[in-house]
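The figures here come from the full heavy-atom set of this structure, side chains too, leaving out hydrogens, waters and symmetry mates. Just follow the structure's listing: the first ligand is 1, and inside any ligand the first atom is 1. Since the model is a prediction, treat every value here as computed from it, not as a measurement.
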Amino acid sequence: MTDINALIAALPKAELHLHLEGSLEPEQMMQFAQRNGVTLPFKTLEEVKAAYNFSNLQDFLDIYYQGMSVLQTQADFHDLTDAYLQRCAEDNVRHVEVFFDPQGHTDRGLPFSTPIEGILSALDSAKDKYGISYKLIMCFLRHLSEEAAFETLKQAEPYMDRIHGVGLDSSELGHPPSKFQNVFAAAREKGLKLVAHAGEEGPPEYVYEALDLLKIDRIDHGNRLLEDEALIARVRDEGLTLTVCPLSNLSLCVVDDLKDHPMKRMLELGLKATMNSDDPAYFGGYVNQNYRETAEAVGLSADEIITLARNSFTGSFLSEAEIADHLAEIDRVAAQFA
Ligand code: ADE
Ligand code: ZN
């Protein structure tokens, strides 16, 4: 019998769905609040943690935007990112493709440069410090207008060679991908990779729109595409990667019980699913914990765990040569567990 948890720990992995602002641990939130003189509605760590009891995505987002108000300086964004990378190193995560939400910061008066300079300074040290490579993905907040997204794309212009892609996040219901068709076309013109949250709470039609109108390279979440047989076949046949986030899905009541999580079903259907933590500080676990709890709840086999690790690299925006190196390392680790 393979020791599944030892296999999970030993495998090199990539994380493809992580909001840096969602890695803000309660301890760090209190620390930043204090050093920046920001008043939070919580007095103790227990009060913060008690507030993390969500019934849907919007419940979470309200707390998430409030939490990020403690991030004020480049140093805060640097420290936030560095703490996340340290967790990745502990989990044997070798490559990250991280999201940030510039509008969550510019809308409260910070210049665009503050979050991105702080984040990039930590990411640029990650290879030497932790052996971790990265891609940075800038998300547009879908509850805001397409015009606001265009303004954000304009502000990002000086950083175009350091931003690898754009994404779409925040409140899904009522904000279909079609709302952002023009700004995604503009991002594509700039050579950026395109991803979008779709089918987390939104219906299969939103996944169709993300594919047909936004022409995305990868689907974030995608749970509800399972409601449509033709869509399952299309996503499988096109080899599109899904960045699935089980502990997030449990926290936001996308599934009622982790035992009902569709991760195993996705793999059995031949979908290219990957395992990710989304907003680990809010949802109770980083990458390895998502692997461990999901494996236990739905009964993932050693082969399925290895497939998920492989998918995390083949679904990344790394070069073919870089992917091949990571896959060879996975083969070496897998052989030790065979
Ligand atoms: N922003 C941060 N986490 C998110 C999620 N899971 N869905 C949509 N927007 C988000
Ligand atoms: Zn997300």
At a 4.0 Å cut-off, with the gap strictly under it, does some heavy atom of [X] reach an atom of ligand 1?
| X | result |
| --- | --- |
| Leu61 | yes |
| Ser170 | yes |
| Phe99 | no |
| His221 | yes |

When you compare ligand 1 with Ser248, is there at least one nitrogen or oxygen pair between them that comes in under 3.5 angstrom? no

Min N/O separation Asp278 to ligand 1 under 3.5 Å: yes

What pair of heavy atoms forms the shortest contact from Leu308 to Ala273, and how long is it? CD2-O, 3.4 Å

Parallel, tilted or perpendicular: which describes the rings of [X] and [Y], with under 30° parallel and over 60° perpendicular?
| X | Y | value |
| --- | --- | --- |
| Phe180 | Phe140 | parallel |
| His19 | His197 | tilted |
| Tyr159 | Phe112 | tilted |

Run the ring-centre check on His105 versus Phe100 and record whether the distance is less than 6.0 Å. no

Is the ring centre of Phe60 less than 6.0 Å from the ring centre of Phe283? yes

For [atom], what's the nearest protein heavy atom and its distance?
| atom | result |
| --- | --- |
| atom 7 (N) of ligand 1 | Glu200 OE1, 2.7 Å |
| atom 3 (N) of ligand 1 | Asp279 OD2, 2.7 Å |
| atom 1 (N) of ligand 1 | His19 CE1, 3.5 Å |

Can you tell whether the side chains of Arg188 and Asp217 come within less than 4.0 Å, N to carboxylate O? no

Donor-acceptor contact present, side-chain Asp76 to main-chain Thr73, <3.5 Å: yes

Confirm or rule out an N/O/S atom of [X], from backbone or side chain, lying less than 2.8 Å from the Zn ion (ligand 2).
| X | result |
| --- | --- |
| His221 | no |
| His197 | yes |
| Asp279 | no |

By atom name, which N, O or S atom of Asp278 is the nearest to the Zn ion (ligand 2)? OD1

Would Arg218 pass as a cation-pi partner of Phe317, given that its NZ or CZ must be under 6.0 Å from the six-membered ring centre and within 45 degrees of the axis? yes

Ligand-side contact atoms (ligand 1) for residue partner Phe60, heavy atom cut-off under 4.0 Å: 2 (C), 3 (N)

